[in-house]
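Notes for the one structure printed next.
Both backbone and side-chain heavy atoms feed into the values below; hydrogens, waters and symmetry mates do not. What you are looking at is a predicted structure, and each value in this text was computed from that prediction instead of being measured. Below, read A as the first sequence line, B as the second, and so on, with proteins coming before strands; counting in each chain starts at 1.
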Amino acid sequence: MQLRLYDTLTKEKRPFTPLDPSNVRMYVCGPTVYDFAHIGNARPVIVFDVLFRLLRHLYGEAHVTYVRNITDVDDKINDRAARDFPGLPLNEAIRKVTELTEKQFHDDVDALGALRPTVEPRATEHIAEMRTIIEKLVQGGFAYVAEDHVLFSPQAMNAANSVLPRYGALANRSLDEMIAGARVDVAPYKRDSTDFVLWKPAKPGEPSWPSPSGISVPGRPGWHIECSAMAWKHLGEQFDIHGGGIDLVFPHHENELAQSACAFHSDRMANVWMHNGFLQVESEKMSKSLGNFITIRESLADWPGEVLRLNMLKTHYRSPIDWTSKALEESAKTLDDWYEIAADARADRPSDAVIDALSDDLNTPQMIAALHGLRNVAASGSERDRGEFAATLRLLGFLSESAAEWKGRKQQASGVDARQIDDLISNRTAARARKDFKESDRIRDELAAMGVVIKDSREGTTWEIAR
RNA sequence: GGCCACGUGGCGGAGUGGUUACGCAACGGUCUGCAAAACCGUGCACUCGGGUUCGAUUCCCGACGUGGCCUCCA
C-alpha cells in the first residue's frame with residue numbers, strides 16, 4: 001500500500017513521494033536542554049520514531065536521514081545554569097547544564113525504544129549557517145537591522161511577488177488577523193507588530209557570537225532561525241517531512257518556513273508538515289501548578305519504556321491523548337501477553353497488515369488491532385506465525401528483551417523473594433497432593449497478599465506478579 | 001475576542017453513505033478440588049436538533065460540550 005501522510009499546510013492526506021527515494025529526509029524539532037523531558041515531550045519522539053522506522057522499512061535503512069536538533073541556546077538554559085552553578089562562569093555553567101540534560105534526554109528516549117536520529121545537530125554549532133541565512137534575508141529585503149537586532153518582516157514576504165508561500169498559510173490565518181489578535185506589547189524597534197527576531201544582542205555574560213549584517217555588538221540567534229539553519233545544513237534547501245508538536249505550528253514552524261523559503265527563493269521548505277496532538281494527564285492539562293507534571297524519568301520508574309511506548313501509540317498521533325494509569329495498566333498487560341508469546345521466537349518477516357495500517361497516515365490504533373490479530377494466530381499457530389509476530393513487534397521498537405528478562409524485571413520491581421515463593425508453592429503442592437485444600441488455599445491467599453498470582457497447569461504451578 | 005480541532009458501547013479507541021473494528025472490563029461455557037490463567041462464546045455505540053438521501057454514526061447547517069493555538073510550552 002502506498003504511504004499517505006496528512007500535511008498541516010494543505011490540510012489533506014495525500015500520497016507521499018520522496019524528493020529523492022535514495023535519501024528520504026525528515027526534520028523534527030527536538031528538545032531545549034534545560035531540564036528533564038516530560039511525558040508530553042515523549043510523544044513526538046515516539047511518533048516520529050515510528051515514522052522513521054516505517055520509512056527505513058519502505059526505502060531501506062541506508063536511505064533515510066532523520067535530523068532531530070538539540071536547542072542548547074535559550075533563556076531557560078541560562079537561568080538554570082545561573083541557579084545550579086552559581087560559582088562557575090556562566091558559559092561553563094551552561095555547558096554543564098546542556099551536557100547533563102542531553103545525556104538525561106538520551107537515556108530516557110533510548111528506554112522508550114526510540115532509535116537515535118541520523119543526525120542530532122546542536123544549535124550552537126550552526127551559528128555560521130544562521131548568519132548566512134540572515135545575510136541572505138537582509139539582502140533579499142525580507143529582513144532589516146534595527147537597534148542591533150535583525151528582524152524578519154512577514155509583510156515584506158507577502159508583498160514580494162514571487163513563488164514564495166503566503167506567510168500565515170501553515171497556521172491558517174492571515175496577517176491582518178495576526179495584527180488584530182496581537183496581545184503582546186510590540187517592541188519599539190519593530191516596524192510591524194508581526195515582525196520577529198532573527199538575531200538579537202546578547203546581554204553581558206551570556207553566550208554570544210559575532211553578529212551578522214554589520215552589527216558591531218555580539219549577539220545570539222532567535223529561536224526559529226536555529227531550525228532553518230540546521231535543516232538546511234543537514235537536509236538541504238528542501239526536504240520531505242518536517243515534524244513536531246502541534247503547538248509549534250505557530251509561530252515556530254510558520255517562521256521557519258518563512259525564513260527558509262525567502263532565503264532560498266523557494267515555494268516550500270518541506271513537502272509534508274506533520275504535527276502530533278497534545279497530551280493530557282488524567283483528563284487535565286499537565287502543568288507544574290496542578291502537580292500533575294510527569295517526567296519521562298519518573299514514568300520509567302513505574303513502567304518499562306515499552307509500556308509507555310505502546311500506550312502512546314494507542315491513540316492516533318493527531319488526536320489529543322489522555323495519559324492515565326488505567327490505560328498504562330492495560331498496555332502493560334498487553335505487553336506481558338505479547339512477550340510471553342513472541343519474545344523468544346526467531347524473527348521472520350514483518351506483517352503487511354501492520355505496514356498497511358502505518359502507511360495510512362500512521363494509523364497506530366489500526367496497527368495495534370492488526371497486532372492483536374497476529375497475536376491470536378501466533379498463540380495457536382506455527383513457529384513461523386510467531387516469527388512474523390515477533391519480527392513485526394521488533395520493527396516497531398518492541399521486544400528488546402527476552403521473555404525471561406521481561407518477567408524478571410517485573411519480579412525485581414515488586415521486591416518479592418523468588419526462593420520464598422518457590423518454597424510456599426512446594427508446600428501448597430504437597431498440601432494439594434494430600435487433599436488438604438484448606439491449607440493449599442491458605443497458602444494461595446498468603447501469596448496473593450504478597451501480590452503473587454499462581455497458575456496451575458498440567459506441567460505444574462507457575463507464578464507471576466500481579467499488576 | 002479571533003482561528004482551529006474534536007464529541008463513537010462501562011472504559012480506551014479506529015473506521016465507514018447501507019454489512020464484525022480492535023483492546024480492557026462484564027457475562028456465559030470448557031478446564032480446575034475450588035480458583036486463577038488459558039481457550040471458546042455473548043451482549044453493549046455512534047452528543048442533540050434540523051437538512052440532503054431510497055438509506056447518515058459517516059455529508060451539510062445549527063446548538064451544546066471538550067480541547068488547542070493566538071505568550072520562544074511537544
Side-chain angles (χ1 to χ4, degrees), chain A residues 8 11 28-32 37-48 71 73-76 168 171-174 176-185 194 196-197 200 221-227 243-252 254-255 275-280 283-288 293 310-311 313-322 324 326-331 333-334 337 340 357 360 363-373 375-376 379-380 431-433 435-438 440-441 444-445 447-448 452-458 461-464 466:
Chain A
T8 307
K11 292 161 199 56
V28 175
C29 290
T32 300
H38 58 70
I39 195 69
N41 293 304
R43 194 168 190 193
V45 168
I46 292 170
V47 163
F48 291 104
T71 296
V73 47
D74 183 273
D75 285 336
K76 288 194 289 283
N172 193 32
R173 68 187 78 162
S174 72
D176 289 345
E177 281 167 8
M178 291 183 215
I179 294 163
R183 297 192 310 192
V184 280
D185 292 337
T194 49
F196 61 88
V197 170
K200 58 189 169 188
W223 176 36
H224 316 303
I225 197 69
E226 298 174 12
C227 286
I246 195 166
D247 59 316
L248 294 181
V249 171
F250 191 88
H252 186 53
E254 188 75 58
N255 292 351
H275 295 95
N276 62 273
F278 250 49
L279 177 146
Q280 287 187 288
S283 302
E284 284 188 313
K285 180 168 177 152
M286 180 166 66
S287 73
K288 283 181 175 159
F293 195 89
L310 177 62
N311 200 247
L313 297 175
K314 286 207 290 201
T315 304
H316 185 89
Y317 76 92
R318 283 191 277 122
S319 301
I321 186 171
D322 193 12
T324 64
K326 184 171 183 290
L328 284 162
E329 277 165 30
E330 265 189 38
S331 299
K333 193 185 274 192
T334 302
D337 179 55
E340 200 170 321
D360 181 17
N363 192 337
T364 53
Q366 188 66 54
M367 167 197 94
I368 289 169
L371 287 172
H372 286 302
R375 177 258 176 230
N376 287 336
S380 57
R432 290 178 72 208
K435 302 236 188 290
D436 182 357
F437 297 122
K438 202 177 160 195
S440 70
D441 288 354
R444 186 167 67 200
D445 290 345
L447 288 164
V452 172
V453 184
I454 54 176
K455 298 179 190 176
D456 293 330
S457 72
R458 278 178 200 81
T461 301
T462 60
W463 62 277
E464 66 180 39

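A/K11 NZ: more than 12 foreign heavy atoms inside a 6.0 Å radius.
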Handout entry: Under 4.0 Å protein heavy-atom contacts per nucleotide of nucleotides 8-14 of chain B, with B for base, S for backbone only and - for none
Key = ---S-SS

Exercise for the section: Would you mind building the protein contact string for nucleotides 30-46 of chain B? One character per nucleotide, 5' to 3', B for base within reach (heavy atoms under 4.0 Å), S for sugar-phosphate only, - for untouched. Expected result: ---BBBBS-S-------

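The same atom, P, is picked in B/rG65 and in B/rG29; the two are 46 Å apart, to the nearest Å. Of the P atoms belonging to B/rG12 and B/rU8, the separation is 8 Å, rounded to the nearest Å.
In this structure, the nucleotide among B/rG67, B/rC69, B/rC22 sitting nearest to the side chain of A/Q280 is B/rG67.
No engagement by A/H252 is indicated, since no non-hydrogen atom pair under 4.0 Å with the nucleic acid exists. Residue-level contact check: A/N172 touches the backbone only, with heavy atoms under 4.0 Å from sugar-phosphate atoms and none from bases. Within the nucleic acid shown, A/K285 comes within 4.0 Å of sugar-phosphate atoms alone, with no base atom in reach, counting heavy atoms only. Within 4.0 Å of A/L371, counting heavy atoms only, lies no atom of the nucleic acid at all. A/K200 comes within 4.0 angstrom of a nucleotide base, judged by non-hydrogen atoms across all strands.
By the 5.5 angstrom centroid cut-off and the 30-degree plane limit, A/F278 is classified as stacked against the base of B/rA74.
Ranked by how close their nearest RNA chain B nucleotide is to the 5' end, A/P44 and A/I368 are led by A/I368.
When the P atom of B/rG68 is taken as reference, atom CZ of A/R43 falls 13 Å away, rounded to whole Å. The CZ-C1' distance, from A/R173 to B/rC3, rounds to 6 Å in whole Å.
Remark: A/H316 engages no residue in a ring pair (Phe, Tyr, Trp, His ring centres under 6.0 Å) (not counting sequence neighbours).
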